[in-house]
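Single-structure report; data block below.
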Amino acid sequence: MSVSDQGATVWLTGLPSAGKTTIAYALAERLRAEGHRVEVLDGDEIREFLSAGLGFSREDRHTNVQRIGFVAELLASNGVKALVPVIAPFADSREAVRGRHAAEGAAYLEVHVATPVEVCSERDVKGLYAKQAAGEISGLTGVDDPYEAPESPDLRIESHTQSVQESASALHALLTERGLA
């Protein structure tokens, strides 16, 4: 198996508007240019197509993460780099996905996009923080719903202190170090 044929799941966890998806797409572009097979499993798209009907209770969030983890592991086991920019707020859900990958012999990296809630609120890409502040929604991860930050991720990216390209490069360096890029 050549290096470009080895699959892996790269799970980017962090608060809403932390930069997870932006970093994932920047990395995907670079990996594709190098000849890797890459898929980005965007959390919003997954909710629309794979997890329609699920809400945001702890149980539904766990189910959503397990579904995404299953798809990511299938891709990774078949030589695809699955980049997963999904909040996955609960450590036990992320650990279950890691365990599934380990059981199947698929590489799994957890990346914490550790952007402070104040910065995420300023970015407010989808207007969620504004809606929460206005009382229009509740259960916003990291504000009025829990977010359990990874204690020892494979990589911690502080997207508020570096550019998207610098963040993607740090992640690419980790993949290279692990023999996955």
Side-chain angles (χ1 to χ4, degrees), residues 1-113 125-126 128 139 141-142 145-150 153-155 157 167-168 171-172 174-176 178-181:
M1 180 181 292
S2 72
V3 172
S4 65
D5 290 339
Q6 185 169 352
T9 293
V10 179
W11 198 292
L12 294 94
T13 179
L15 297 175
S17 297
K20 301 176 300 296
T21 302
T22 304
I23 293 166
Y25 278 108
L27 179 62
E29 185 179 320
R30 181 170 177 180
L31 290 171
R32 284 188 187 111
E34 295 173 354
H36 296 276
R37 295 169 56 212
V38 181
E39 290 295 332
V40 177
L41 300 180
D42 181 276
D44 293 332
E45 292 174 0
I46 296 289
R47 275 215 173 257
E48 181 178 352
F49 297 108
L50 188 64
S51 294
L54 289 180
F56 291 91
S57 68
R58 183 179 178 107
E59 183 177 306
D60 281 358
R61 287 178 190 256
H62 179 77
T63 298
N64 186 48
V65 167
Q66 297 316 298
R67 288 178 182 176
I68 297 167
F70 173 76
V71 173
E73 187 275 316
L74 283 176
L75 289 168
S77 291
N78 285 283
V80 177
K81 306 286 189 294
L83 308 183
V84 186
V86 173
I87 295 169
F90 301 110
D92 60 344
S93 295
R94 295 190 307 266
E95 198 51 42
V97 171
R98 180 187 295 277
R100 175 179 182 75
H101 279 72
E104 298 299 325
Y108 177 88
L109 300 174
E110 183 178 69
V111 178
H112 182 205
V113 182
V125 178
K126 299 172 198 158
L128 297 175
T141 303
D145 213 46
Y147 175 72
E148 299 169 356
D154 294 283
L155 179 66
I157 293 175
S167 296
L171 190 40
H172 188 277
L174 175 66
L175 288 169
T176 301
R178 302 282 173 93
L180 300 168

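It should be emphasised that the depicted structure is a prediction, and the values quoted were computed from it without experimental measurement.
- For the pair Arg100 (side chain) and Phe70 (backbone), a donor-acceptor distance under 3.5 Å is absent.
- Side-chain N or O atoms of Arg47 include one that pairs as donor or acceptor with a backbone N or O of Gly55 at under 3.5 Å.
- The side-chain heavy atoms of Pro85 and Val40, taken from C-beta on, include a pair separated by under 4.5 Å.
- Ionic pairing of Arg98 and Glu95 is present here: one or more N-O contacts between side-chain nitrogen and carboxylate oxygen are shorter than 4.0 angstrom.
- Within the 4.5 Å cutoff, the side chain of Thr141 has no heavy atoms near those of the Phe56 side chain.
- Within the 4.5 Å cutoff, side-chain heavy atoms of Val38 are placed close to those of Leu83.
- Of the N and O atoms on the side chains of Glu73 and Ser77, at least one donor lies less than 3.5 Å from an acceptor on the other residue.
- Relative to the six-membered ring of Phe90, Arg58 meets both conditions, a distance below 6.0 Å and an angle of at most 45° to the axis.
- No side-chain heavy atom of Val84 sits less than 4.5 Å from a side-chain heavy atom of Tyr108.
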Go through Val71 and Ile46 one step at a time and tell me if the side chain to side chain contact (heavy atoms under 4.5 Å, CB included) criterion holds. CA-CA 10 Å; Val71 173; Ile46 296 289; 5.7 Å; no

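- In this structure, the side chain of Lys81 engages the main chain of Leu180 through a donor-acceptor pair within 3.5 Å.
- The closest side-chain heavy-atom distance from Val10 to Leu174 is not below 4.5 Å.
- A donor-acceptor distance shorter than 3.5 angstrom exists from the side chain of Arg67 to the backbone of Leu50, with no hydrogens or angles considered.
- Evaluated for a side-chain contact (heavy atoms from CB on, under 4.5 Å) with Arg61, the options Leu54, Asp145, Val86 yield exactly one hit, Asp145.
- Side-chain atoms of Gln66 and Val97, non-hydrogen and from C-beta on, do get closer than 4.5 Å to each other.
- Inter-residue side-chain proximity for Pro150 and Thr13 is flagged as met; some heavy-atom pair is nearer than 4.5 Å.
- Counting heavy atoms from C-beta on, the side chains of Val125 and Thr22 never come closer than 4.5 Å.
- Between the side chain of Asp154 and the main chain of Val111, no donor-acceptor pair closer than 3.5 Å is present.
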